[in-house]
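As C-alpha cells, the structure follows; a few thoughts come after it.
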Amino acid sequence: MKKIASLLLVGIIGGAVALGTQKIIDYNESKNDDSTNVSYTSPIPTPKLHTTSMPNYNTASNASLNIDFTVAAEETVNAVVHVKNVSTYRRPRNYMDYLRNGGKLEKAIVGAGSGVIITEDGYIVTNNHVIKGASEVRVTLNNNKSYEAKIIGSDPNADIALLKIVSDEKFDYIPFGNSDNTKIGEWVLAVGNPFNLTSTVTAGIISAKARDLDENDRNMQSFIQTDAAINPGNSGGALVNTKGELIGINTAITSQTGSYVGYAFAVPSNNARKIVEDILEYGDVQKAILGISGGTFSQNAAKELGISYSQGVFVSSISKNSGAEKSGIKKGDIIKKIDGYAIRKFSDLTGYINSKRPNDVLNVSVLRNDKLIDIPVTLSLYESYQLKDLGIEVINATESDLAQFGAKHGVKINQVLSNTMKRYGLEGYIITEIDNTPVNSVGDVKKILQSKAENEDIMVSFLDRYGEKKHFVFN
C-alpha cells in the first residue's frame, strides 16, 4: 500500500477560478510571457426555484434530428443580464485632501460580466469575482432597462454569487436543468455579454465533464468544459441546453491571449443551485463532505495490485467521526460509483458531492479485495473556522495529517488569510494547543476563543513540518 501512495495524484479542497473583464485585464497586464493563461472569468423570502427534467438521449434517433437553436436562444437571451461592478472612491481636490484621504466622492465601473435571472421575482446567479468589492451593482436587461441589484450572498471558493434586482416587476428567467444528466457531445449555447456586447449567443458542444484545470494544486474543481465561444464579459453568464435549461454558469477560459481559443469552463448548474438554496435558507453555504482524503486511481497503481481497473478514487485516509468512518469505508478502498454515477477521477467525486448537503445519504460503491461493495454514507458537515485576528483558517485534521506531523491531536491550518502571516509558511501545519489547552477539533478551537475576553492575548502552539513545537502569541 505504501508503494501505491507514491503513484497517486492527491486531490485537495479548493475554490473556483474566474473570467470577469477586470480580472483578465489585471492578469494579462502582469504577464509578459507566452505561457497559457487560465483567465478567471431584511429577511428575504425563499423563492421557488424551477427545475425541468432532462430528456433520455438516444444516439441513433438524435442523429436524425435537425437541431434548431432559435427556440433556446429566444427563451434565454432575455433572462441573461449585463452586470456592472460599481465602486465608490474619493477624488482629492487638493494636496490637503490627498493627505487626509478626503475629497469628492465619485463612482466608477471597475468590472463587468454577466448574470442569469433564475426566478420571476429577479434573483440572479453570477460569478463572485464579477461583483467582488462592489459598493453598488447595476444590471442591464436585453431590453436596455437598468436596475440596482443587491448582493444577497456568495461562495468565493465556488466563485458563485447571488443577487436580487431591486424591483417588484416580473422578469423572464431560465429554469435549472440537471447538470448530472448532461452528456459529452451534447449541443449547448453560451449566453452573455462578451466585451460589453450585450445579449450574445454562441453555440458549441460539451467537450468534457468534471474538468479540473490543475490536478496538482489545492483547487478542487469540477467544471463542464465546452467549445462554445466564451470571452471576457461572459463570466457569470448562462450555459444552456437546446431546451433552454440552465446547465452551467460560465466562469473560466484557458488561453495564451486571454480570449477564446476553444476551451471554456462552467460551474455545473446543480452545484450553483445548491449554493443559491443554501444562501437563501441558511445565509451561507453548508458544505458537505464524505470524509476521505485520496486521489485519482492510476493505471500504475492498478498494476501494483494486479487488477484490471484503472479508474476511480483511492481512499488514502479517513477523517475522524466522518460519514465515511461511521459507514465502514476503509483506507485502501477504491470508489467506483456514487448513486450509480461513475467515478473515474477525483473531480467526479468532488463535483457530485458539492451538489449535496450535510446529512444527505449517498450510495457509495467501493472496490475492496476485488469485490464491488455498496455502502450507504451520510454526508457530514465540513467544519472550518476562521481565526480572523490571527489571519488563519483551521479545519479538522485527518489521521494522515496527524501522522505526517507526529501529532496525537490537533487541527490543521487550511488557509493563511493575511499577508502578514503568509510569510511564515504556516499552511498545512497542525495546531495542537491554544493557551496551553489541547485541541482535538474545530469545535474545541471555537469554544476556547469564544470564551476569551476582547483584546486578551492568545498563545497558539503548533507543529511544523519537522515535528518541532512552535509558539505564537497574538495580542
Can we say Asp348 and Lys345 salt-bridge, meaning some charged N sits less than 4.0 Å from an Asp/Glu carboxylate O? yes
Would you say that more than 12 heavy atoms from the other residues, nucleotides or ligands in this model lie under 6.0 Å from the CG of Asp457, or not? yes
In Å, rounded to the nearest 0.5 Å, how long is the span from CG of Asp401 to OG1 of Thr398? 3.0 Å
Evaluate Asp180 against Asn270 for side-chain hydrogen bond (donor to acceptor under 3.5 Å, both in side chains), listing each step before the verdict. CA-CA 7 Å; Asp180 287 337; Asn270 286 6; 3.1 Å; yes
Lys356 side chain vs Ala288 backbone, donor-acceptor pair below 3.5 Å: no
Is there a side-chain contact between Ile329 and Val364, using heavy atoms and a 4.5 Å cut-off? yes
Flag the pair Val377 / Val361 as yes when at least one side-chain heavy-atom distance between them is below 4.5 Å, and no otherwise. no
With sequence neighbours excluded, tell me which residues meet side-chain contact (heavy atoms from CB on, under 4.5 Å) with Lys336. Tyr309, Gln311, Ile334, Leu367, Leu372
Would you indicate whether Lys452, at its atom NZ, is surrounded by more than 12 heavy atoms from other residues, nucleotides or ligands within a distance under 6.0 Å? yes
Counting distance only, does the side-chain N/O of Asp159 pair as donor-acceptor with the main-chain N or O of Asn128 below 3.5 Å? yes
So does Gly332 get a backbone contact from the side chain of Ser316, meaning a donor-acceptor N/O pair under 3.5 Å? no
Decide side-chain hydrogen bond (donor to acceptor under 3.5 Å, both in side chains) for Tyr385 and Asn396; before the verdict, give the C-alpha distance in whole Å, the side-chain angles of both, and the deciding distance to 0.1 Å. CA-CA 10 Å; Tyr385 186 66; Asn396 291 325; over 6 Å; no
What pair of heavy atoms forms the shortest contact from Ile247 to Ile206, and how long is it? CD1-CD1, 4.1 Å
Report the C-alpha separation of Lys287 and Asn354 in whole Å, then their side-chain angles, then the decisive distance to 0.1 Å, and conclude whether the side-chain hydrogen bond (donor to acceptor under 3.5 Å, both in side chains) test is met. CA-CA 7 Å; Lys287 185 174 179 61; Asn354 284 343; 3.0 Å; yes
Give the C-alpha distance, both sets of side-chain angles, the deciding distance and a yes or no for side chain to side chain contact (heavy atoms under 4.5 Å, CB included) between Ile353 and Asp360. CA-CA 10 Å; Ile353 290 177; Asp360 282 352; over 6 Å; no
Give the intermediate values and the outcome of side chain to side chain contact (heavy atoms under 4.5 Å, CB included) for residues Ile431 and Ile413. CA-CA 7 Å; Ile431 294 177; Ile413 300 177; 3.9 Å; yes
Might you point out which heavy atoms bring Ile375 and Ser327 nearest each other, and give the distance in Å? CG2-O, 3.5 Å
Any chance you could measure Lys331, atom NZ, to Phe314, atom CZ, to the nearest 0.5 Å? 7.5 Å
Shortest non-hydrogen separation from Ser222 to Ser347 and the atoms involved: OG-O, 2.9 Å
Between atom OG of Ser380 and atom CG of Asn359, what is the distance when rounded to the nearest 0.5 Å? 9.0 Å
Taking Lys84 first and then Glu136, would you say they form a salt bridge - that is, a charged N and a carboxylate O separated by under 4.0 Å? no
Regarding Lys164 and the six-membered ring of Tyr123, is the cationic atom NZ or CZ under 6.0 Å from the ring centre and inside 45° of its axis? yes
Heavy atoms only: give me the nearest Ile253-Ala264 pair and the separation to one decimal. CG2-CB, 3.9 Å
Pairwise distance CG(Leu463) to NZ(Lys470) - rounded to 0.5 angstrom: 10.5 Å
Check Ile152 against Leu163 and note the closest heavy-atom contact, atom names and distance. CG1-C, 4.0 Å
Asn363 versus Ile338: any side-chain heavy-atom pair under 4.5 Å? no
Given 3.5 Å as the limit, does a donor-acceptor pair link the side chain of Ser322 with the main chain of Glu325, or not? yes
Evaluation steps, side chain to side chain contact (heavy atoms under 4.5 Å, CB included), between Leu402 and Lys408: CA-CA 6 Å; Leu402 297 176; Lys408 295 181 179 180; over 6 Å; no
Is there a donor-acceptor pair closer than 3.5 Å between any side-chain N or O of Ser114 and the backbone N or O of Asn193? yes
Under 3.5 Å donor-acceptor, Thr378 side chain and Gly323 backbone: no
Using a strict cut-off of less than 4.0 Å between a Lys/Arg side-chain nitrogen and an Asp/Glu carboxylate oxygen, indicate whether Lys337 and Asp374 qualify as a salt bridge. no
Determine yes or no for a side-chain-to-main-chain donor-acceptor pair under 3.5 angstrom, with Asn250 supplying the side chain and Ala238 the backbone. yes
Under a 3.5 Å distance rule, please check whether Asp464 uses its side chain to pair with a backbone N or O of Gly467 as donor and acceptor. yes
Spacing of Glu383 atom CD and Asn321 atom CG [to the nearest 0.5 Å]: 9.5 Å
OG of Ser154 to CD1 of Ile275: how many Å apart, nearest 0.5 Å? 9.5 Å
Between Asp435 (side chain) and Thr437 (backbone), is there a donor-acceptor pair under 3.5 Å? no
Is it the case that the side chain of Thr251 and the backbone of Ile249 share a donor-acceptor pair, with hydrogens and angles ignored and the cut-off at 3.5 Å? yes
When you compare the side chain of Ile458 with that of Leu387, does any pair of heavy atoms fall below 4.5 Å? no
Is there side-chain contact between Val313 and Ile292, with heavy atoms separated by less than 4.5 Å? yes
Ala190 to Ile230 - nearest heavy-atom pair and separation: CB-CG1, 3.8 Å
List for me each residue that meets side-chain contact (heavy atoms from CB on, under 4.5 Å) alongside Asp444, sequence neighbours excluded, and say none if there are none. Val439, Asn440, Ser441
Any heavy-atom pair between the side chains of Asn85 and Val130 that's under 4.5 Å? no
Aromatic contact, Phe472 with Tyr424 (centres under 6.0 Å): yes
Just checking Tyr352: does its OH atom have more than 12 heavy atoms from other residues, nucleotides or ligands closer to it than 6.0 angstrom? yes
Residues in side-chain contact (heavy atoms from CB on, under 4.5 Å) with Asp278, at least two apart? Lys274, Tyr282, Val285, Gln286, Arg357
In sequence, state the C-alpha distance, the side-chain angles, and the governing distance for Val125 and Ile160, and then conclude on side chain to side chain contact (heavy atoms under 4.5 Å, CB included). CA-CA 7 Å; Val125 177; Ile160 293 294; 4.1 Å; yes
With the side chain counted from C-beta on, respond yes when Ile124 and Ile118 share a heavy-atom pair under 4.5 Å apart, and no when they do not. no
Is the closest side-chain heavy-atom distance between Ile151 and Val137 below 4.5 Å? yes
